[in-house]
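Below is one structure, written out as structure tokens, with a few remarks after it.
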Amino acid sequence: MPVPFPRKPIIPFLIILLSAALLSACGTGHNAASPSPSSSPSASEASSPAATESAAPAAGEAAVRSYRDALGRTVEIPTAPERIIAHYYAAEMEALDVPVVGTNYVNAKLTLTDEQLQGVEDIGGEGLVPNLEKTLSLSPDLILVPDFLQPTDLEALSKIAPTVVVAYGDDVFTRLGVLADLIGQPEKAENWIANYQKKAEEKRQLVQSVIKEGETASAFILHSNKQFYVYNKQRLGPTLYDAFGFGVPPKVAELFADKPNELWAAIPLETLPDYVGDRVFLVYQSNTDEAKKATEELIQGPVWKNLPAVKEGRAYVVESRWAMNDPLTLDWLLDEMVALLAP
């Protein structure tokens with residue numbers, strides 16, 4: 001899962017260059033600092049386009065409409081965009097079967113194959129921000145970005161093409177619906193969700209005999225700095241709690257009762273037994289030697305080994321993709337869960 005990290009300020013002369021090269025600037029209303037991924041607006045705020053009618057375009061002009069994005073900015077966007085840049089949302093666009101001209105490969109390659117990325121340019125950039133020069137060279141007519149970019153970055157991107165902020169912390173289905181609406185094809189999200197729900201029901205039936213009534217499950221991750229986290233419902237929740245019907249352990253529910261939009265919460269490792277369910281899932285961070293070492297020390301230590309779920313063979317160490325929050329991963333997890341739980 002992408003985690004924000006420091007980035008360098010945008011070079012002033014590059015912004016001047018972009019401004020001079022473009023005919024008009026799109027996107028308004030840059031207000032308070034952008035929220036982090038763990039404090040995104042609610043689903044209702046994120047999916048609230050301004051339903052105003054646009055004037056009929058003149059001959060040769062593309063039709064546009066007004067849209068209010070996740071930060072409350074009103075942006076004039078094309079009704080049928082043809083050259084889309086999806087920064088952090090490549091997997092969603094792939095699920096919708098909508099081609100894009102550019103995306104951030106660092107994030108996209110966590111879920112997409114080289115074949116799926118064929119013909120899509122890497123917009124790279126430093127930290128969380130796309131490379132402006134590369135973005136400009138692709139001549140996009142719509143740029144989609146998460147809500148943790150800074151106002152100055154949004155302003156620079158808006159000088160290139162209409163730039164819409166989409167809430168990164170929303171659940172997959174809400175986010176998919178928002179993106180489908182943005183491209184003027186809401187039925188694509190509806191179809192994907194219907195197919196997913198049908199598959200989820202089929203997969204659950206395959207393992208229903210091994211899931212006890214009222215059985216609970218919880219998921220955790222240990223980072224390389226040995227900071228230990230328990231997940232809320234946004235990440236593995238759609239699979240554990242919705243698709244396969246596990247319950248949320250009482251202590252986990254209590255922890256997130258007053259912060260339902262938090263993705264996770266740090267807990268002391270020694271308190272792990274308080275938060276575990278009847279089944280336990282530990283996401284194995286293998287991207288660095290430090291992360292590998294920290295996880296190995298955990299699963300070889302007494303806290304982990306003494307968990308009832310571990311002793312009963314109901315604890316699972318799973319790869320890092322399990323913690324991704326995109327539609328392609330959700331679909332993939334249905335198969336992975338059956339492989340783990342099948343009798």
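Computation of the quantities below employed the complete heavy-atom set of this structure, encompassing side-chain atoms and omitting hydrogens, waters and symmetry-equivalent molecules. Counting from 1, the numbers follow the sequence of the chain as shown.
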- Message: Please determine whether side chain to side chain contact (heavy atoms under 4.5 Å, CB included) holds for the pair Y231 and L240, giving the CA-CA distance in whole Å, both sets of side-chain angles, and the decisive distance to 0.1 Å.
- Response: CA-CA 11 Å; Y231 281 106; L240 295 178; over 6 Å; no
Q.
Any non-hydrogen side-chain atom of L157 less than 4.5 Å from a side-chain atom of P130?
A. yes
* Asked: Should V317 and V283 count as side-chain neighbours, where that means a heavy-atom distance under 4.5 Å?
  -> no
query: Can E201 and Q205 be counted as having a side-chain donor-acceptor contact under 3.5 angstrom?
result: yes
Problem - Lys/Arg N to Asp/Glu carboxylate O, D114 vs K109, below 4.0 Å - result: yes
CG of L333 to CZ of R235, rounded to nearest 0.5 Å, is 12.0 Å
- Would you confirm whether D278, through its side chain, and T216, through its main-chain N or O, come within 3.5 Å as a donor-acceptor pair? yes
Closer than 3.5 angstrom, by distance alone: can the side chain of E296 be matched with the main-chain N or O of K293 as a donor-acceptor pair?
no
Note: L330 and T239 closest approach over all heavy atoms is CD2-OG1, 3.9 Å
The residue among I123, L112, L117 that forms side chain to side chain contact (heavy atoms under 4.5 Å, CB included) with Y105 is L117
Set out, in order, the CA-CA distance, both residues' side-chain angles and the distance that settles side chain to side chain contact (heavy atoms under 4.5 Å, CB included) for L272 and W304, then state yes or no.
CA-CA 8 Å; L272 172 60; W304 178 262; 4.1 Å; yes
Shortest non-hydrogen pair, L71 vs D147, comes out as CD2-CB, 4.3 Å
**Request:** May I ask you to check whether E76 and S66 show a side-chain donor-acceptor distance below 3.5 Å?
**Result:** yes
Open item on the list: Please check this pair: side chain of N306 against backbone of P302, looking for a donor-acceptor N/O pair closer than 3.5 Å.
Closed with: yes
Flag, side chain of S158 to backbone of L154, donor-acceptor distance under 3.5 Å: yes
**Asked** Would the number of heavy atoms belonging to other residues, nucleotides or ligands and lying under 6.0 Å from CD of E187 be above 12?
**Response** yes
Around K233, counting heavy atoms of other residues, nucleotides and ligands shown, do more than 12 lie under 6.0 Å from its NZ? no
dist T113:OG1 -> Q116:CD (nearest 0.5 Å) comes out at 3.5 Å
Discussion item. Using a 3.5 Å distance criterion without hydrogens, assess whether the side chain of Y89 forms a donor-acceptor pair with backbone atoms of D326.
Written reply: no
Here the gap from Y196 atom OH to L328 atom CG, rounded to the nearest 0.5 Å, amounts to 12.0 Å
To the nearest 0.5 Å, atom CG of L341 lies from atom CD of E336 at 11.0 Å
Margin query: Would I143 and V164 count as a side chain to side chain contact (heavy atoms under 4.5 Å, CB included) here? Give the steps.
Written below: CA-CA 6 Å; I143 302 174; V164 175; over 6 Å; no
Report yes or no: is the cationic atom of R321 (NZ for Lys, CZ for Arg) closer than 6.0 Å to the six-membered ring centre of W332, at no more than 45° off its axis?
yes
d(S209 OG, L206 CG) to nearest 0.5 Å is 9.5 Å
Side chain to side chain donor-acceptor pair (under 3.5 Å) filter on E270, not counting sequence neighbours, yields none
Notebook entry, point to check: Has the side chain of N232 got a donor or acceptor atom that lies under 3.5 Å from a matching backbone atom of Q234?
Noted result: no
Is the closest side-chain heavy-atom distance between R65 and I77 below 4.5 Å?
yes
Sub-4.5 Å side-chain heavy-atom contact between Y67 and P162: no
For S218 and Y241, the nearest pair of non-hydrogen atoms, with its separation, is CA-OH, 3.9 Å
Self-check item: More than 12 heavy atoms of other groups within 6.0 Å of E82 CD
Solution: no
Pairwise side-chain contact, F228 with H223, heavy-atom cut-off 4.5 Å (strictly under)
no
Can you classify the ring geometry of Y229 versus W264 as parallel (below 30°), tilted (30 to 60°) or perpendicular (above 60°)? parallel
Going through the distances and angles, do F148 and Y88 end up as a ring-ring contact (aromatic ring centres under 6.0 Å, His included)?
CA-CA 11 Å; F148 47 77; Y88 277 84; 5.3 Å; yes
Heavy-atom nearest pair, A266 first then Q227, reads CB-NE2, 3.2 Å
Is there a path of hydrophobic side-chain contacts, each under 4.5 Å between heavy atoms of I, L, V, M, F, W or Y residues, that connects L149 with V106?
no
| Side-chain donor or acceptor of D69 paired with backbone N/O of R73 under 3.5 Å | yes
Closest non-hydrogen atoms of A217 and F281, given as atom of the first, atom of the second and distance, are CB-CE1, 4.2 Å
- Query: Is the backbone N or O of A86 less than 3.5 Å from a side-chain atom of T103, with the two atoms forming a donor-acceptor pair by type?
  - Reply: yes
- Task: Please step through side chain to side chain contact (heavy atoms under 4.5 Å, CB included) for the pair F246 and M337, ending with a clear verdict.
- Result: CA-CA 12 Å; F246 289 108; M337 280 292 289; 3.9 Å; yes
Quiz prompt | Between D274 and T271, a side-chain donor and acceptor under 3.5 Å | solution = no
Between G177 and A189 the two heavy atoms that sit nearest each other are CA-CB, 3.8 Å
For a 4.5 angstrom cut-off between non-hydrogen side-chain atoms, does L179 reach L144? yes
The side chain to side chain contact (heavy atoms under 4.5 Å, CB included) partner of L282 among V310, V318, T295 is T295
Q.
I want to check something: taking the side chain as every heavy atom from C-beta on, are L176 and W192 in contact at a cut-off of under 4.5 Å?
A. yes
Rounded to the nearest 0.5 angstrom, the CD1-NZ distance for I85 and K134 is 9.5 Å
Q) Counting distance only, does the side-chain N/O of R279 pair as donor-acceptor with the main-chain N or O of R314 below 3.5 Å? A) no
Self-check item: Minimum side-chain heavy-atom gap P238-V172 below 4.5 Å
Solution: no
Next on the checklist: Quick check on D97: does its CG atom have over 12 non-hydrogen neighbours (other residues, nucleotides or ligands) under 6.0 Å away?
Outcome noted: no
- R175 side chain to Y168 main-chain N or O, any donor-acceptor pair under 3.5 Å? yes
